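Scroll down for the structure; my scribbles are underneath it.
The chains referred to below are lettered A, B, ... by the order of the sequence lines, with proteins before strands, and numbering in each begins at 1. Predicted model, so just to flag it, every value in this text is computed and none were measured.
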Amino acid sequence: MGSRLGGIFWSLIFLAVPVLGVATFAIAPSYNIWLPKNVSEHGSSIDGLFYFILALTGVVFIATEGLLFWFIWKYDAAKAKGPATYIHGSHTLEVVWTIIPAATLLFLAIYQMNTWADVKMRRPAMAPTVEVVARQFEWRLRYPGRDGMLGTRDDLFLTNDLHLPVDEDILIQLKSMDVLHSFFLPNFRIKQDAVPGMKIPVWFKAKETGQFDIVCAELCGWGHYKMKGRVTIESRADFDRWLEETYARQEATQPAPEDTVAAAAD
Amino acid sequence: MSTATASTLSHGTATSLPPARKPRPVAEFLSTYVFSKDHKVIGLQFLFSTLLWFLIGGLLALAVRWQIAWPWSDVPVLGKLFAQQGGQMAPEFYTMLFTMHATVMIFLVIIPILAGAFGNFLIPLMIGADDMAFPTLNMLSYWFMWPAFLLFGASFFVEGGAASSGWTSYPPLSTNVNSAPGSGWGQTLWLLGLTMVGVSSMLGSVNYMTTIILMRAPGMTMFRLPMTIWAMFITAVLQAFALPVLTAAGFMQLTDRMIGTGFFTPEGNVVNNSLASTGGGQPLLWQHLFWFYSHPAVYIMILPAMGMVSDILTTFARKPLFGYRPMVYSIAGIAGLGFIVWGHHMFMSGMNPALGITFMVSTMMIALPSAVKTFNWLGTVWGGRIQFTTSMLFALSFVSMFIIGGLSGIFMAATPVDIFIHDTYFIVAHFHYVLFAGTAMGVWAAIYFWFPKMFGRTMNEFWGKVHFFLTFIFLNGTFFTMHILGAVGFPRRLADAYHYETFHHLQPLNAFMTYCAIGMVASQIIFAANFFWSMFFGPIAGRNPWNSNTLEWSAPSPPGHGNFDFQPVVYRGPYEYSVPGVEKGHLMQTDPPNALATAAAAAH
Ligand code: HEM
Ligand SMILES: [Cu+2]
Ligand SMILES: [Cu+2]
């Protein structure tokens with residue numbers, strides 16, 4: 001127990017924490033275990049904030065874990081000479097290590113407000129591009145159709161297959177029919193719970209075309225894991241063409257579902 | 001050094017009845033070991049019960065991990081136990097597993113092991129009292145856990161299985177019986193079980209507050225209390241103020257389910273094609289009420305461990321606690337701020353985003369007292385003379401791991417970042433670092449530390465260290481990797497996420513984590529063997545095996561009924577280690593002042 005070897009061994013175990021911790025984060029991106037590609041306009045400021053906090057906490061992590069290792073190494077009873085330092089604290093240190101973190105945290109709090117406001121508070125003044133109604137275990141989509149208004153005859157109904165135009169403000173009206181769900185678009189840094197009884201606006205602007213996942217991120221029952229959708233971002237022209245085609249197909253296969261329109265109308 | 005002077009009771013009994021009484025074997029056995037009013041016996045009852053549930057919770061976790069690593073493959077052992085389609089897991093079974101894993105760990109392990117086991121065992125001993133203020137209430141607080149054990153236990157076997165809407169139990173999933181199989185009887189029993197845990201906690205906390213305020217030994221001023229007691233005291237206050245809200249909310253959910261009150265059901269709610277009979281409620285109301293309790297509850301789940309770790313660190317660093325008062329104030333600060341941050345669990349819930357900002361600011365600020373505590377622990381170790389006992393290793397790892405959990409909290413407190421990481425494995429990493437790597441490691445530190453006081457014998461150090469080493473390695477293998485999983489956005493509570501393009505490549509990492517989790521649970525066999533072996537065959541400890549300062553170490557090991565064989569009088573604070581000019585190197589709280597001069601003050 002009192003051997004110096006034990007002290008060395010245990011100090012190194014504690015040194016392994018920051019070393020392997022940093023290594024994990026350093027290596028992960030090369031295995032693609034990292035933030036998925038961001039394709040939304042606001043996403044880059046969220047990622048920027050993530051990296052900023054990562055750097056900040058990273059420094060604190062390395063410093064505190066490093067100190068802990070160093071103290072364990074240096075003040076091993078089997079090694080250090082004489083008795084421990086008889087000290088009950090330091091007023092100066094307390095003040096320093098209260099004020100510095102307090103200022104840092106306060107700065108962080110203020111610094112991020114703008115991004116939050118962009119994503120969740122400054123809603124673009126426009127009619128909804130699409131209404132997303134979550135339901136066990138699918139995403140029901142309703143486009144306003146040619147008249148640009150939800151709840152009319154020419155509404156377009158789909159499930160799980162969301163199409164949106166690139167480089168344009170998009171406003172989604174999010175609802176739920178039954179239980180809580182969460183509309184999660186990993187590549188867009190968008191997440192919003194869908195709550196029965198509430199109409200929640202969600203907005204963003206896509207920067208790139210392509211196909212991406214829609215994930216349900218709030219437990220909604222046994223089929224939660226399979227409540228999957230896809231979002232296709234395409235050019236305005238492609239999007240309009242897709243709308244036309246899908247509308248034509250809807251007209252051909254089923255007459256406008258009157259009861260649904262009535263039930264879903266606001 | 002420490003000579004076990006008056007320790008004649010060397011066995012696992014924590015009580016000795018006054019010899020005058022006529023022996024009535026059955027009644028005596030019952031009143032000594034079963035319906036005992038002795039705080040030490042009650043503490044041990046809590047300890048054994050919670051450790052048993054710890055095992056159950058651990059096995060549930062392994063079943064969860066199995067499904068995440070190898071979805072839809074046959075579960076070994078457990079699969080057979082529940083006779084699921086030839087060992088393969090159904091998705092609703094998976095939702096039940098993680099719900100009950102968290103429920104068991106939070107309500108049947110961590111909360112009762114901290115307050116129930118250690119609070120009970122330590123409070124009277126550390127303040128120099130002969131027992132709790134209300135011994136009968138104390139006994140009841142343990143026996144109210146049994147209805148909870150039975151209700152939660154029975155819920156596994158009712159139709160539809162146990163509750164499956166998460167430990168957070170969000171309505172309408174939890175209130176509407178049509179929404180999930182586990183939302184039937186399982187959920188009702190869950191709510192009743194939760195109420196029972198609440199009653200138990202409330203009885204305990206009233207008792208702890210009263211005892212700490214009224215029953216301190218002569219000379220034991222508030223600012224001479226060890227950190228363990230400060231933490232237990234503030235935890236009890238938190239419980240007393242927060243718990244009624246949860247209890248009320250639980251009843252509201254019960255009546256929503258049983259008689260259709262509709263507190264949490266909105267108008268026109270259609271679940272599984274059937275229209276709810278009532279409406280006019282608000283699902284978010286539950287979240288506010290639930291987190292108004294459950295955020296303070298996360299501190300209920302760590303403050304006592306922080307207190308105990310502070311005491312253990314000072315003992316084995318042979319150094320006074322760095323910044324005693326700041327440590328006390330920061331606990332109080334955490335507790336106070338803890339009441340105004342609950343909304344950080346609801347940033348994505350649909351709550352007014354402007355309100356989110358206020359919760360964000362308060363949440364950022366609550367990281368401050370946590371940081372102050374960490375710095376003071378570092379200050380305590382600095383300049384010490386560290387003795388690498390098993391208990392010390394666990395205590396040091398508490399500090400090391402709490403740093404990680406505290407720092408990840410800042411990511412999630414930043415609302416824009418939380419948009420991405422909310423309900424992903426990043427959160428799972430965060431709370432396992434504070435609750436497992438923090439609290440559970442702190443509990444092990446405490447068990448190795450106070451075991452001699454509980455049973456009069458010390459645990460085996462070699463196997464203790466093997467236990468520490470394996471647990472430490474495997475826990476980091478399991479939980480650290482969750483951070484990077486969360487960085488991909490990997491969602492929690494999904495039975496199978498690999499069919500998503502974003503997540504399909506993460507199975508190997510998850511398999512690695514599951515291997516580590518299996519190793520982590522398996523390592524506890526070493527702990528269990530050491531624990532039970534040492535209870536009967538460990539080396540006799542004596543009163544003060546660690547040369548510690550607090551009052552419990554001046555009582556016999558284990559202490560008899562009434563705890564002290566002398567009237568303890570307190571002369572100083574609890575952290576007088578390495579005092580210059582004192583030959584034995586430290587001054588116990590009970591050492592009379594003249595010991596300063598006459599260094600060779602006898603045994604204790
Ligand atoms: C430095 C201080 C801390 C900060 C800033 C912090 C912040 C947060 C935030 C913002 C969340 C919500 C994340 C989300 O759901 O998106 C969260 C979740 C959580 N925190 Fe902390 N936390 C801190 C310390 C702790 C401690 C000490 C504990 C427990 C002992 C704890 C336990 C939890 C738990 C259990 C959850 C998740 C609950 C759930 O959703 O199931 N946290 N924390
Ligand atoms: Cu879902
Ligand atoms: Cu919280």
Portion of B:Phe468 that has a non-hydrogen atom of chain A nearer than 4.5 angstrom: side chain
Atom group of B:Arg492 that falls short of 4.5 Å from chain A, counting heavy atoms: backbone
Segment of B:Pro353 engaging chain A (4.5 angstrom heavy-atom cut-off): both
A:Glu218, part contacting chain B, at a heavy-atom distance under 4.5 Å: both
Option that, when pairs with chain B are counted at under 4.5 Å, heavy atom only, ranks first among A:Asp47, A:Leu56, A:Thr64, A:Val119: A:Thr64
Aromatic ring pairing A:Phe25/B:Phe480, orientation class (parallel under 30°, perpendicular over 60°, tilted between): perpendicular
Full working for salt bridge (charged side-chain N to carboxylate O under 4.0 Å, His left out) between A:Arg230 and A:Asp213: CA-CA 5 Å; A:Arg230 294 286 276 174; A:Asp213 281 325; 2.9 Å; yes
Within 6.0 Å of CG in B:Leu285, more than 12 heavy atoms from elsewhere: yes
Test salt bridge (charged side-chain N to carboxylate O under 4.0 Å, His left out) applied to A:Arg4 and A:Asp76, step by step: CA-CA 8 Å; A:Arg4 176 70 187 122; A:Asp76 178 356; 3.0 Å; yes
Main-chain N/O of B:Gln67 paired with B:Trp72 side-chain donor or acceptor, under 3.5 Å: no
Aromatic plane relationship, B:Phe469 with A:Phe9 - under 30° parallel, 30 to 60° tilted, over 60° perpendicular: tilted
Under 3.5 Å side-chain donor-acceptor pair for B:Thr415 and A:Gln112: yes
Region of A:Leu49 in contact with chain B, defined by heavy-atom distances below 4.5 Å: both
Option in B:Val417, B:Asn476, B:Asp418 with maximal non-hydrogen atom pairs under 4.5 Å from chain A: B:Val417
Residue B:Glu267 versus chain A: region with a heavy atom under 4.5 Å: neither
Side chain, backbone, both or neither of B:Met364 within contact of chain A (heavy atoms, under 4.5 Å): both
Heavy-atom proximity to chain A below 4.5 Å, by part of B:Phe264: neither
Per-residue contact mode, A:Glu94 against chain B (heavy atom under 4.5 angstrom): side chain
Chain A contacts, top residue of B:Asn376, B:Asn176, B:Thr168, B:Thr95 (heavy-atom pairs, under 4.5 Å): B:Asn376
Contacting moiety of B:Leu321, where chain A heavy atoms sit under 4.5 Å: backbone
Chain B interface, residue from A:Phe14, A:Trp70, A:Tyr75 that has the most non-hydrogen pairs under 4.5 Å: A:Tyr75
Interchain contact, B:Leu396 with chain A, by part (heavy-atom threshold 4.5 Å): both
Residue part contacting chain A, namely of B:Pro171, when any heavy atom lies under 4.5 Å: backbone
Among the listed options A:Gly221, A:Gly197, A:Pro196, the residue most often paired with chain B at heavy-atom distances under 4.5 Å: A:Pro196
Side chain / backbone / both / neither for B:Ser164 at chain A, heavy atoms under 4.5 Å: backbone
Nearest heavy-atom neighbours spanning B:Phe503 and A:Pro186: CZ-CG, 4.3 Å
Residue B:Ala495 versus chain A: region with a heavy atom under 4.5 Å: both
Nearest atoms (heavy-atom pairs only) where A:Arg189 meets A:Lys37: NH1-O, 3.9 Å
Chain B interface, residue from A:Leu20, A:Leu54, A:Asn187 that has the most non-hydrogen pairs under 4.5 Å: A:Leu54
Chain A interface, residue from B:Ala367, B:Pro491, B:Pro283 that has the most non-hydrogen pairs under 4.5 Å: B:Pro283
Best-contacting candidate, B:Ala371, B:Ser349, B:Ser179, against chain A by heavy atom pairs under 4.5 angstrom: B:Ser349
Side chain, backbone, both or neither of A:Ser90 within contact of chain B (heavy atoms, under 4.5 Å): both
Aromatic plane relationship, A:Phe107 with A:Tyr111 - under 30° parallel, 30 to 60° tilted, over 60° perpendicular: parallel
Contacting region of B:Tyr577 [heavy-atom separation from chain A under 4.5 Å]: backbone
Interface residue of largest heavy-atom contact number with chain B, from A:Gly58, A:Pro101, A:Pro36, under 4.5 Å: A:Pro36
Test item: side-chain donor near acceptor, A:Asn114 and A:Arg122, under 3.5 Å: yes
Leading residue by heavy atom contact count with chain B [cutoff under 4.5 Å; candidates A:Trp222, A:Trp34, A:Phe50, A:Trp10]: A:Trp10
Cationic tip of A:Lys228 above B:Tyr500 ring, under 6.0 Å, 45° of axis: yes
For chain A, the option from B:Gly323, B:Ser397, B:Ala354, B:Ser400 that forms the most heavy-atom pairs under 4.5 Å: B:Ser400
B:Asn510 versus B:Tyr498, side-chain donor and acceptor atoms under 3.5 Å: yes
Among the listed options B:Ala414, B:Gly166, B:Gly489, B:Ala180, the residue most often paired with chain A at heavy-atom distances under 4.5 Å: B:Ala414
Flag side-chain contact, heavy atom, 4.5 Å: A:His42 against A:Ile190: yes
Proximal component of B:His422, with respect to chain A [non-hydrogen, under 4.5 Å]: both
Aromatic ring pairing B:Tyr324/B:Tyr575, orientation class (parallel under 30°, perpendicular over 60°, tilted between): tilted
Heavy-atom proximity to chain B below 4.5 Å, by part of A:Phe212: neither
Geometric class of the A:Phe204/A:Phe188 ring pair [parallel <30°, tilted 30-60°, perpendicular >60°]: tilted
B:Leu275 atom CG, neighbour heavy-atom count above 12 within 6.0 Å: yes
Atom group of A:Val17 that falls short of 4.5 Å from chain B, counting heavy atoms: side chain
Geometric class of the B:His499/A:Tyr225 ring pair [parallel <30°, tilted 30-60°, perpendicular >60°]: perpendicular
